[in-house]
2 protein chains.
Amino acid sequence: MSIQLRPIQALRLWQQASLAEVREHRPDLTERQMAILLTIYLDPPPHTVRGLADRLGVTKPVITRALDTMGALKLVSRHRDARDRRNVLVKRTVEGALFVERFGDVVVAKASELPL
Amino acid sequence: MSIQLRPIQALRLWQQASLAEVREHRPDLTERQMAILLTIYLDPPPHTVRGLADRLGVTKPVITRALDTMGALKLVSRHRDARDRRNVLVKRTVEGALFVERFGDVVVAKASELPL
DNA sequence: CATGATCGATACGGAACCGAAACGGTTCCA
DNA sequence: TGGAACCGTTTCGGTTCCGTATCGATCATG
C-alpha cells in the first residue's frame with residue numbers, strides 16, 4: 001500500500017500549500033531552490049556543490065547562486081572541507097530546519113483538508 | 001476520512017516532485033508563479049489581476065509581472081474584458097492545461113512511490 | 001459633463017537570476 | 001615536481017524579479 005492521490009487532489013494540495021506560503025510572506029523560493037533545500041535536509045550528508053548540481057541536473061553556478069541566496073536567508077550554510085579543501089560542504093542551519101519542518105506541517109495540514 | 005500524510009512524507013513528496021521537474025528542465029517557476037498558475041486552472045473563472053493579487057495577498061505589479069513571464073511561456077493568456085474594459089481577464093491556454101495536467105501526474109506518481 | 005474611483009500597466013533603482021566561459025586554488029599522479 | 005584533473009566561484013551580457021509610486025484608461029456618480 002502507498003499514498004493514494006488523484007491528479008486533482010495533487011494539484012489542489014500543491015495550490016493550497018503554495019498559497020498558504022505566499023500569503024504568509026515566506027521567502028519566494030524557486031522550484032530549483034526548493035529542490036536544493038529539501039535535498040539538503042532529507043538526503044544524507046555530505047552535500048557538495050558538485051553533488052547537488054548532479055542531483056538536480058543543473059550547472060554548478062546554479063547551485064552557487066542558490067546557496068548565496070539561501071545562505072543570506074540563513075536557510076543553509078557553507079564550510080570548506082578540511083579533508084579536501086577543494087570541496088565546500090553545505091550544511092543545515094537551525095533556521096533552515098525550522099523552515100523545512102514548518103513547511104512539512106503546512107503540507108500535511110492542507111492534505112488533511114482535501115476533498116476526497 | 002482524508003488524505004493522511006506524515007510530515008516526512010509530505011517533504012519527500014515535495015522534494016521528489018520538484019527534483020523531477022528540475023531534472024526535466026521544466027520552467028523554473030517561483031512559488032508565487034506556481035500559486036497563480038494553479039489558481040487560474042483550479043479556481044472558477046473569471047480571474048482578474050486584482051482578484052489574483054487579493055487571493056495571494058500580494059500587490060498588483062507582482063501579478064502583472066508573473067503574467068508577463070508565464071504569458072511568454074504560453075502558460076496563460078490575457079484578454080480585455082469587453083463588459084468592463086478596465087479589467088483584464090486571465091485565461092487558460094492549451095499549453096498551460098497540458099503543463100498543469102502533466103505536473104499533477106508527476107505528483108501522483110511520486111506519491112505512489114513514497115515509503116510508508 | 002466633470003470628478004472621483006478603480007482598473008492593469010509602467011517607471012524606478014536595486015537585487016537575483018540565467019547559461020557559457022574562464023578563473024584561482026587544491027589534489028592527484030606520472 | 002610538473003602537468004592534468006577537479007573543485008567552487010566569478011565574470012559577462014542579458015533577463016526577470018522586487019516594492020513603491022505613479023500612470024493612462026475606463027467606469028460610476030453627481
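Keep in mind that the numbers below use all heavy atoms, side chains included, and drop hydrogens, waters and symmetry copies. Residue numbers begin at 1 in each chain, while the letters A, B, ... track the order of the sequences. In this text, all values refer to a predicted model and were calculated from it rather than measured experimentally.
- A close approach under 4.0 Å does not occur between any side-chain nitrogen or oxygen of A:Thr64 and OP1 or OP2 of D:dT10.
- Closest of all the heavy-atom pairs between B:Leu56 and A:Val22 is O-CG1, 3.4 Å.
- Annotation: the span from B:Tyr41 atom OH to B:Phe99 atom CZ amounts to 10.0 Å, rounded to 0.5 Å.
- Taking atom CG on B:Leu67 and atom P on D:dT16, their separation rounds to 14 Å, with Å as the unit.
- In this entry the distance linking CZ of B:Arg78 with C1' of C:dT10 reads 12 Å, nearest Å.
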Sugar-phosphate atoms are those with a prime plus P, OP1 and OP2; base atoms are the rest. Using that split, label each nucleotide of nucleotides 17-23 of chain C B, S or - for protein heavy atoms under 4.0 Å, 5' to 3'. SBBBB--
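- For A:Arg80, no side-chain nitrogen or oxygen approaches OP1 or OP2 of D:dC7 to under 4.0 Å.
- By the 4.5 Å side-chain criterion applied to Ile, Leu, Val, Met, Phe, Trp and Tyr, B:Leu98 is assigned to a cluster that also includes B:Val94.
- With hydrogens and angles left out, the side-chain atoms of A:Thr39 and B:Gln15 include a donor and acceptor closer than 3.5 Å.
- Relative ring orientation between B:Trp14 and A:Trp14 is described as parallel, the plane-to-plane angle staying below 30° on a 0-90° scale split at 30° and 60°.
- In this structure, A:His25 places its NE2 atom 13 Å from C1' of D:dC18, rounding to the nearest Å.
- Between the CD1 atom of B:Ile63 and the P atom of C:dT10 there is a distance of 15 Å, given to the nearest Å.
- A distance-only check finds no donor-acceptor pair linking the side chain of A:Ser77 to the backbone of A:Thr93 [under 3.5 Å].
- Taking atom CG of B:Leu52 as the reference point, atom P of C:dC7 lies 13 Å away to the nearest angstrom.
- Here D:dA5 presents its P atom at 14 Å from CZ of A:Arg50, a figure rounded to the nearest Å.
- Look at CG on A:Asp81: it is 13 Å from P on C:dT26, rounded to the nearest Å.
- In this structure, A:Arg65 and A:Arg32 have side chains that are not in contact, with every pair of non-hydrogen atoms separated by 4.5 Å or more.
- One atom, CD of A:Glu31, and another, C1' of C:dA16, lie 18 Å apart when rounded to the nearest Å.
- Here A:Glu31 contributes atom CD and A:Gln33 contributes atom CD; the two are 11.0 Å apart, rounded to the nearest 0.5 Å.
- Residues from residues 83-93 of chain B that place a heavy atom under 4.0 Å from any atom of DNA chain C, listed by number: B:Arg86, B:Asn87, B:Val88.
- Just one of B:Ile63, B:Ile36, B:Leu52 meets the side chain to side chain contact (heavy atoms under 4.5 Å, CB included) condition when paired with B:Val90; it is B:Leu52.
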